[in-house]
Structure formats: C-alpha cells, structure tokens
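Below, read A as the first sequence line, B as the second, and so on, with proteins coming before strands; counting in each chain starts at 1.
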There are 4 protein chains.
Amino acid sequence: MSPRRPERRSEEAANAVIQAALDLCQEVGYRKLSIEGIATRAGVGKNTIYRWWPSKAAVLLDGLLSNWKLDASFPDTGDFVTDIKTQMAAASRTLGGASVFPHYRALIGEAQHDPELQRALWDRFIGHLAGAAADRIRIAQRQGQIRADADPDLVCELLYGAIYYRRLLTTRTADAEHTSAIVDLALAGLAPPGDDSAR
Amino acid sequence: MSPRRPERRSEEAANAVIQAALDLCQEVGYRKLSIEGIATRAGVGKNTIYRWWPSKAAVLLDGLLSNWKLDASFPDTGDFVTDIKTQMAAASRTLGGASVFPHYRALIGEAQHDPELQRALWDRFIGHLAGAAADRIRIAQRQGQIRADADPDLVCELLYGAIYYRRLLTTRTADAEHTSAIVDLALAGLAPPGDDSAR
Amino acid sequence: MSPRRPERRSEEAANAVIQAALDLCQEVGYRKLSIEGIATRAGVGKNTIYRWWPSKAAVLLDGLLSNWKLDASFPDTGDFVTDIKTQMAAASRTLGGASVFPHYRALIGEAQHDPELQRALWDRFIGHLAGAAADRIRIAQRQGQIRADADPDLVCELLYGAIYYRRLLTTRTADAEHTSAIVDLALAGLAPPGDDSAR
Amino acid sequence: MSPRRPERRSEEAANAVIQAALDLCQEVGYRKLSIEGIATRAGVGKNTIYRWWPSKAAVLLDGLLSNWKLDASFPDTGDFVTDIKTQMAAASRTLGGASVFPHYRALIGEAQHDPELQRALWDRFIGHLAGAAADRIRIAQRQGQIRADADPDLVCELLYGAIYYRRLLTTRTADAEHTSAIVDLALAGLAPPGDDSAR
DNA sequence: CAATAAGCGAGACGGTACGTCCAGTCTTCTT
DNA sequence: AAGAAGACTGGACGTACCGTCTCGCTTATTG
C-alpha cells in the first residue's frame, strides 16, 4: 500500500499529486475522484501516479498522513479521565473536522472493499493512534486510575468504537459532549451502583 | 433507496436480480460487481434494474434484508447479561459469517460515500437492530439490572461500537469470546474496583 | 474487415464516423489520426467505432468506398487502347487526386502490416477494379485487339503495376502522359522491331 | 534519414540496436515493434537510439542494408532475357524470402505515411536496384536486344512494377515462374502477332 | 374485446475512466 | 562525452461500465 520511495522519485510531482487528490476529493467527492482527474490537475502523467501508488485511496492516505503529522502523542497531565477526554475532543475536532473527515471517512469506506488498504490504513494511521491510546491506558493502570485487569486494547475498542460507530453508521453527529459522555459511561460501567457482581 | 413497489413489477425478475447480485458479489467481490454484470447474470434488461433500484448497493441491501428476515427480536430470559451475550454471539455468527459479512461490510463501506445509502442502511437495517437492543436495555434498566441513568442509545454505541470497530478497522477477528469480553468490560466499567468516583 | 451491418446500427453515427475520419486524415495525416480523435470529432463514443470497425484503416476503407461509388465500369468504345488510356487517366485523376490519394495510399501502406486489411482492400476495392480491367481485356482479346494467349490478370499486373510502382515507390509523379507511355510500351513490347523471337 | 556517423559512436551499441530491431520485428511484427522494446532487447538506453536514428523504420532500413550487402550488380551473360530472369528470380528468393520480405514490406508500407522514409528507401535501396537494372537495360539496347526507343526507367517500372503489384496489393504469391511470365509478356508486348501498328 | 399502456429482454448510444503502453525528453550516475 | 538506466509529461490504446435510449414482444387492465 505504501509507495516505494527510491531516490529517483520526483518529490515535486509526488507533492503535486497528493495536493491535487486532496483538493479534488474536497471539490467533487471521493466517488467522482479519478486517477485521470488527479493527474490532469497535478500536471502529471497518469503513469507517474500508477508508478508510486496502487490506487487513488493510497494517494489520499498519503495526503492524510502528511496533513496529520502523526502527532499521536497523548496528553499526560496525570489525570487519565481529563487526558482521554482532551484527546478525544481534539481528535474529533481535527480528524472529525470538515476538511479532514470526508477524506478519512472515504478511506475507511474504501478499505471495506480493499484488504490491502485496510491493512495500510491500520498500519500507517489508526494503529498508531490506538497504540498511543493503549500506552496511555497502561500508564493509567499502573497509577491505579483504571482497573488493572482490563486489556488495554479492549479498552480502546470500547472507547473509540463508540465514536466510530456513531460517525460511520448512525445519522447522528459526534461532538465533544458525546465523547465525554461515552468516557463517563465506560468508566462507570453499566452495572447499577452498588452491584459489584461484575467486578 | 427502497425501490418502488407497484403492482406491475415482475417479482420473478426482481428475485433474479437480487440473487444474481448476491452471487456475483460473492464471486468477484463488490468492486467488480456491475449493474451490467448483474443484468446479464439475471437474464434481465439493464433498465429493469435501473427502474427499481438506484444503485448496485441498493440491490445488495435488498438482498441482505431478504436473507436476514429481520428477526431482530432480542432474547429475554430475564438475565440481561446472558441475553445480550447470546444475541451478540448469534449476530456475530450470522451477520459476521462468510456468506453475509462480505455483503454487509461492502454496504457499510459504500455507505461512507453515499449519504442516501447510509440512511437507508440505518433505517432499514442497523436502526432496527439498535432499536431492539435499546428496547431490551430499557427493560433491563426497569428491572434494575443495569444502571438506570444511562442513555440506552449510548449503551448500544458502547457495546456494538466495539464490535464494529474491531471488524471494520482492525485486522483482528471478532468472535463470541470477544463480544463476551466486551460486554463484561462495559458492565464492570473501567474505574478500578472500590473507586466510586465515577458513579 | 468489413463491418457488420445489422438493423440496430445507427446510420447517423456511422456516417459521422466515416466523415470525421476522412476529414481528420486530410487535416492531420494518417499517422496522427486516432480512433479517439475520430470519436471526438464525430461526437460519438469510442465504443461505437470499435463495435463496427476493427481499426481506423477499416473506417477509411469504408470512406474510400462510399466516395468512390465503385463505378469500376470500364469504357468500351471498341478501341481497347483508347479505352484503357481513358480509364487510366480517369483513375489517375480521381484516385490519384489530392483529395483521395492520401487516404488510398495510407490504406495501401497500412495493409502491408495488416493481412486482414490487405485482403479487405483487395476484395472490396482493388480487386473490383482489376476484375473490370480483366473483363475489358478479355473483350479486346476476343476482338483480336490484343494477343489472345496473354493471361488477362498478368496484363493487368503489367499495366497497373507500373503505375503503382511509380506512385508508391519512386519519387516521380504519375500523370496521364505517364500512363499513356506505359500502355504504349506494354503494347509494343520490349523486343526490337522485326524481332519475333519472343512472339 | 541516414544516421549521423561521428567518431564517438559506439559501433557495438549500433549493431546491437539493429540486430534487436530485426529480431523483434521478426518475432512480434512491425506494428508491435517499439523503440522501447528495441532498447531493452539491445541493452541500450533509449536515448542512444534517438541519437542516431529518427524512427524505428530507419533502424530497420539500416538492418536491411547491412543484410543485403547491396550486391545490386546485375548479371551480364550477354543475353538480356536470361539475365533479367536470373536477377528477378534471385531477388525474389532473397528480398522476397521469409527472413527479409516482412521487414522490406513493412518499410515500404511505412514509407507510404512518411515521405522522408520513402525518399531514404529509394535513395539508399530501391533506387540502386532500379539504377542497376536501367544500366543493364541500356547495355541490352546498345546490343540491339531490346528496342532502343524505350525509356529504360519506364522499362524498369513495367517489369518490376508488375512484381511489386502482385506482392503488395494482390493476395497471390510471386515466384520465379511469375517473374519469368512477366518478362516474356513484356518482351512480346500485348499487341497481337503480326500487328505492327504499335511499333 | 380490442386497444393501450406498462414492464420486459436486448442491446446500441454518448460518455468517462480504467490501467497499459509507448513516444520523446530529460536527468543522473557510470564508464 | 557517450552510454545505461529510468523517471518524467503526454497521448492513445482497447476495455468495461455508466446511465439513457429505442426497439419489438408479452401481458394485463380498462374503456
């Protein structure tokens, strides 16, 4: 999925391609985005795209990564609940914003038909975010802020899964309030107060 | 999204179309599925498809619904935890099985580029499942089996979101064990035992 | 080589294609003539061309035929020498003219790389001309105007071959004077006067 | 058309290019022959080809010349008829043979779209053959073996034109028998025996 | 009980984009 | 300084489908 990166490659052309893809996707939407269109807009031969990327989605993934800077670093103020809410709100603002979310969402959608893309999306993007979250969770566990017997990966799925579920499958919107509510609910658990049967 | 259903419609042709779509999607994958191919396989004019469905995804959605029989009914043995685990395991077996999941997944993927499809998918399918789950949750709340102050929809998102997250975004697999672990974790909450600060 | 001609075919589109091909070939030359260009100029989908013709040369052949009207009929005034000279001069004027010769020549050139085209060119065009000439020669033979033991086809080759040789291979030009000289020479034979050794 | 021949030129590379072109043309045919393919097969940079030849046809012409050795010398036994038949049969065997004719034919075909190539083909190849033939004809004329008032060039056209006509335009084959029959016919002339009107 | 309208299979149509190949130019590194 | 290697822009290839359309044919009301 990730393009080869030899020395001979023209960085100028590569950047033009990525930028053109981002712009066009914004303008006409992912469905009408075409390799041909990207090439024309970027002033580049189609071959130059096919030489370095396997699909338009791969170009967009590169675009996403170059914009996102991958500062997946988690805040660590010492208070896990605050930190996770801060991070989720920030992610919702950037990744979920109007300039990024359409691309991100299109990639996730495309990945459902393209196993290679799915893997690339995970390996080069989502996996890093999830990994950073899991690391922060482990710290919190060591500090006794969340239960030590929970699998950090499972915790990630619980927290982030709820956000993605809402954004990708429902017709409701996700905002900071929502992410906060999800964190609170996950923290408290579903079992009624005083019922320690599940603990 | 949903096709018109007048009297003059040939049910024979419609069924042939749906079956051809399901078969072809299985054989060549959603990406290579084409209206033209469906028409040929079904022995049907292209127009007959365009007359009743707006896209190949809409045909597949009909196929999904006709297979799923919409038995979204939740078990109710009186024990919420057992019931939810039973239901999730069942759903994982059917919806997540090799004969249905590829179609379902393709629809979800496609819906990320097609707001109409997303709405149809929710209104005619996922929404019903989520609604049934929310109903069961409300019963459990009334019976004091889970905390009464939790928004049932949020609970749904927490439980099902984790499953979808794993199946759609990660490269790991989801089985009954996983769904069970998710339920346990959600029930217990992340807060360490004895820490009632979040309750 | 010859296109299928079923009922469903749009004559309007076919004519547009042929005309566009002739025009473009005139304007940019055969080398730069492209199916793509023809389609665009004709306001027609590329498929419509590929559906009915195997190559741009086949389109041009149709164009040549539709312009030439195939009035391969030979004059017959009773005097063979006059008639053949008349016909050759006429052919040189039309087929060899600036509006037809470039197309004709391009077809002949292309046929050297394409056996199917060569056969089509012969069967649908040159063969008819040669056949009409051979017929006229047979009449002349019956009337005792040319020797009866000569193979009419061979006579054709001798007369027309000289013309094509000059036009296709040399850098000299062919005009009515030239064709007339060729006929005279062929008629008289190379053997010196009074030498009947070859007769 | 003819390549520049400076001192710095690598003869090794030039030979590899010519040989690769001949081989590839034999294998895949002129139509699918490409500069790129030749360069790869010859183990040579594309630029090296572009530096010395203007087109793939020019390379082939060089190949033709290097194979043909240009032994355009005409036999001269004193008997023109025998000599011309000998020469034509020989030419038919070599130039018309399976290892040369495809290349030769392709060049002639290509020359119909490329005036420069046509001129080069004449100047560097066909013209020499025709010139040698015309010389031999002039000798025969001086010896009174063929009529002195015939333009030697016209005689060439008559004799060779018939051969080329058959090979390039008809679907019949040309062999020694055919060339012999053409010579006989041309020698005797078309006029009926005893009719000296044309002489 | 025709006529008439709708749905139907079929497939041609103008288009768009695909992914590939190659042209011809240019740059880099090697000999 | 020439050559090999190969990336570059650009154009055309031939294919696959799109969504629209027109054509006859069948079928099922409805005037």
Within the 4.5 Å heavy-atom criterion, are D:Q118 and D:E110 side-chain neighbours or not?
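Result no, sub-4.5 Å side-chain heavy-atom pair not found.
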Is A:Y30 close to A:L60 at the side-chain level, that is, under 4.5 Å between some pair of heavy atoms?
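Contact flag for A:L60/A:Y30 side chains = yes.
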To the nearest Å, give me how far apart [atom1] ([X]) and [atom2] ([N]) are.
X: A:Y50; N: E:dC21; atom1: OH; atom2: P; value: 12 Å
X: C:R9; N: E:dG14; atom1: CZ; atom2: P; value: 11 Å
X: D:E36; N: F:dA4; atom1: CD; atom2: P; value: 15 Å
X: D:D114; N: E:dA23; atom1: CG; atom2: P; value: 15 Å
X: C:W53; N: E:dA12; atom1: CH2; atom2: P; value: 13 Å
X: C:E11; N: F:dT22; atom1: CD; atom2: P; value: 18 Å
X: B:K32; N: E:dG19; atom1: NZ; atom2: P; value: 10 Å
X: D:I49; N: F:dG6; atom1: CD1; atom2: C1'; value: 14 Å

With heavy atoms under 4.0 Å as the rule, sort A:G37 into base, sugar-phosphate or nothing.
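Answer is nothing: A:G37 stays at 4.0 Å or more from every strand.
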Trace of the side chain to side chain contact (heavy atoms under 4.5 Å, CB included) decision for D:D62 with D:V17
CA-CA 10 Å; D:D62 271 15; D:V17 167; over 6 Å; no
Looking at B:K46 and F:dG19, is any side-chain donor or acceptor paired with a base atom of the opposite kind under 3.5 Å?
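Counting by modelled atom types and ignoring angles, a donor-acceptor contact under 3.5 Å is found here.
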With a 4.0 Å cutoff (strictly under), does any side-chain N or O of [X] reach OP1 or OP2 of [N]?
X: D:R51; N: F:dG3; result: yes
X: A:S10; N: F:dA7; result: no
X: D:W52; N: F:dG3; result: yes
X: D:T48; N: F:dA2; result: no

Geometric cation-pi criterion B:R9 and B:W53, 6.0 Å radius, 45° cone:
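Yes - B:R9 lies over the ring of B:W53, closer than 6.0 Å to its centre and within 45° of its axis.
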Would you kindly compare B:T40 and A:I35 by the position of their nearest DNA chain E nucleotide and give the one closer to the 5′ end?
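Counting from the 5' end, the first nearest nucleotide belongs to B:T40.
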Reading DNA chain E from 5' onward, which residue's closest nucleotide shows up sooner: D:L33 or C:G43?
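Per heavy-atom nearest nucleotide, the more 5' residue is C:G43.
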Mapping C:S34 and A:A42 to their closest nucleotides on DNA chain F, which lands nearer the 5' end?
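Looking at the nearest nucleotide for each, A:A42 comes out on the 5' side.
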Closer to the 5' end of DNA chain F via nearest nucleotide, is it A:G45 or C:N47?
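Result of the comparison: A:G45.
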Are more than 12 heavy atoms, taken from residues, nucleotides or ligands other than A:R31, located less than 6.0 Å from that residue's CZ atom?
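Yes, enclosed.
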